[in-house]
Amino acid sequence: MLRKFLFVTVLAFSSISAEEFVVKVSEDEGKAISEIVTTLGKTSLVALGFKKGHLKTLGGGLRGIGSLHFLGYILSNEELRSHMKTIRKSSFKWDGFMDGLKPGFERELKSNKLIEDLQGFAVLTKADHQKLLVKAEEHNWDDFVAILVETEDKK
């Protein structure tokens with residue numbers, strides 16, 4: 001099966017070498033991510049109850065995507081970034097969203113993949129690398145993602 005991939009590339013320069021973070025999300029995965037975030041951002045809590053099963057199914061199809069790639073895709077899109085700010089304001093929506101992300105963060109931290117990719121990811125999202133690193137080391141994923149959501153996109 002031929003899969004189209006959407007790539008977002010950013011080079012992060014350090015004094016030692018250049019690190020690259022590339023968001024790898026297939027076209028179908030991008031559509032699923034967009035649907036999840038848009039639905040959470042635009043739908044009332046009552047209506048979300050009727051869409052919960054569908055959203056869980058969409059999320060289940062994204063299990064192979066790393067947490068940073070998932071968030072990188074969202075935060076590279078102005079509309080999805082805006083929906084994340086709306087989701088952040090509702091503890092019910094935020095908690096459900098974060099419950100889906102936390103296991104991936106833990107796996108990536110344990111394998112050291114998250115730490116390896118964090119500098120380039122911070123450049124991509126225009127977030128403070130050091131703040132993200134501290135929250136990752138504390139396993140404080142809510143604040144980790146909140147930093148990303150609250151970081152203004154200064155293009």
Side-chain angles (χ1 to χ4, degrees), residues 4-43 48 55 58-155:
K4 290 192 225 172
F5 282 90
L6 309 171
F7 295 100
V8 179
T9 305
V10 172
L11 292 177
F13 296 99
S14 69
S15 59
I16 300 170
S17 65
E19 298 174 29
E20 183 177 14
F21 184 82
V22 179
V23 176
K24 298 176 186 173
V25 174
S26 74
E27 187 175 351
D28 287 342
E29 291 164 339
K31 287 178 184 177
I33 293 168
S34 294
E35 184 175 346
I36 290 167
V37 174
T38 300
T39 301
L40 287 172
K42 288 185 166 184
T43 307
L48 273 178
L55 293 175
L58 286 173
L62 300 173
R63 294 220 192 278
I65 297 175
S67 298
L68 295 182
H69 292 274
F70 178 82
L71 288 171
Y73 181 82
I74 293 168
L75 298 169
S76 296
N77 178 298
E78 191 175 320
E79 183 179 347
L80 298 180
R81 182 185 281 267
S82 174
H83 288 314
M84 285 300 297
K85 291 179 181 190
T86 301
I87 293 165
R88 175 84 173 102
K89 293 175 185 173
S90 166
S91 61
F92 181 81
K93 292 178 181 183
W94 182 257
D95 291 347
F97 182 83
M98 290 305 301
D99 285 347
L101 278 180
K102 289 176 183 178
F105 277 133
E106 290 296 334
R107 276 191 305 276
E108 291 175 39
L109 183 63
K110 187 175 181 178
S111 72
N112 208 39
K113 182 73 175 143
L114 186 124
I115 301 302
E116 291 171 8
D117 289 342
L118 197 55
Q119 180 67 47
F121 179 76
V123 171
L124 172 72
T125 59
K126 298 171 181 63
D128 184 308
H129 171 258
Q130 195 59 39
K131 287 180 182 177
L132 292 175
L133 182 60
V134 167
K135 296 305 175 187
E137 289 173 342
E138 294 173 348
H139 301 256
N140 186 340
W141 305 119
D142 287 297
D143 284 354
F144 182 95
V145 178
I147 289 167
L148 296 167
V149 170
E150 293 163 9
T151 298
E152 289 300 318
D153 190 11
K154 299 171 188 147
K155 289 184 179 177

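Counting from 1, the numbers follow the sequence of the chain as shown.
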Side-chain donor or acceptor of Glu29 paired with backbone N/O of Ser26 under 3.5 Å: yes
Using residues 63-71 as the side-chain source, report each donor-acceptor pair under 3.5 Å to any protein atom, sequence neighbours left out, with the distance given to one decimal.
residue: Ser67; atom: OG; partner: Phe105; partner atom: N; Å: 3.3
residue: His69; atom: ND1; partner: Val22; partner atom: O; Å: 3.2
residue: His69; atom: ND1; partner: Lys24; partner atom: N; Å: 3.1

Side chain to side chain contact (heavy atoms under 4.5 Å, CB included) assessment of Leu62 paired with Val25: CA-CA 9 Å; Leu62 300 173; Val25 174; over 6 Å; no
Leu132 CG to Leu148 CG distance, which is reported to the nearest 0.5 Å: 5.0 Å
Closest approach of Val23 to Tyr73 (non-hydrogen atoms, all atoms of both residues): CG1-N, 3.8 Å
Qualifying residue for side-chain contact (heavy atoms from CB on, under 4.5 Å) with Trp94, from Leu40, Val149, Thr86: Val149
Close side-chain approach of Phe97 and Met84, heavy atoms under 4.5 Å: yes
Non-hydrogen side-chain atoms of Leu133 and Gln130 separated by less than 4.5 Å: yes
Stepwise side chain to side chain contact (heavy atoms under 4.5 Å, CB included) test for Asp128 and Ile147: CA-CA 8 Å; Asp128 184 308; Ile147 289 167; 5.6 Å; no
Glu150/Arg88 ion pair, N-O < 4.0 Å: yes
Ile115 and Asn112: CA distance, side-chain angles, deciding distance, side chain to side chain contact (heavy atoms under 4.5 Å, CB included) verdict: CA-CA 5 Å; Ile115 301 302; Asn112 208 39; 3.5 Å; yes
Nearest atoms (heavy-atom pairs only) where His83 meets Gly41: ND1-CA, 4.0 Å
Qualifying salt bridge (charged side-chain N to carboxylate O under 4.0 Å, His left out) pairs with a residue from residues 92-111, counting only residues at least two apart or across chains: Lys102-Asp142
Approximate separation, where rounding is to 0.5 Å, of Ile36 CD1 and Leu58 CG: 5.0 Å
Verdict with reasoning, Ile74 to Arg81, per side chain to side chain contact (heavy atoms under 4.5 Å, CB included): CA-CA 6 Å; Ile74 293 168; Arg81 182 185 281 267; 5.6 Å; no
Within-4.5 Å side-chain heavy-atom neighbours: Trp141 and Leu109: yes
Exercise: identify the closest heavy-atom pair between Leu124 and Gly72: CD2-CA, 4.0 Å
salt_bridge(Glu138, Lys135) N-O dist < 4.0 Å: yes
Test item: Leu80 and Thr38 side chains (from C-beta on) under 4.5 Å apart, heavy atoms: yes
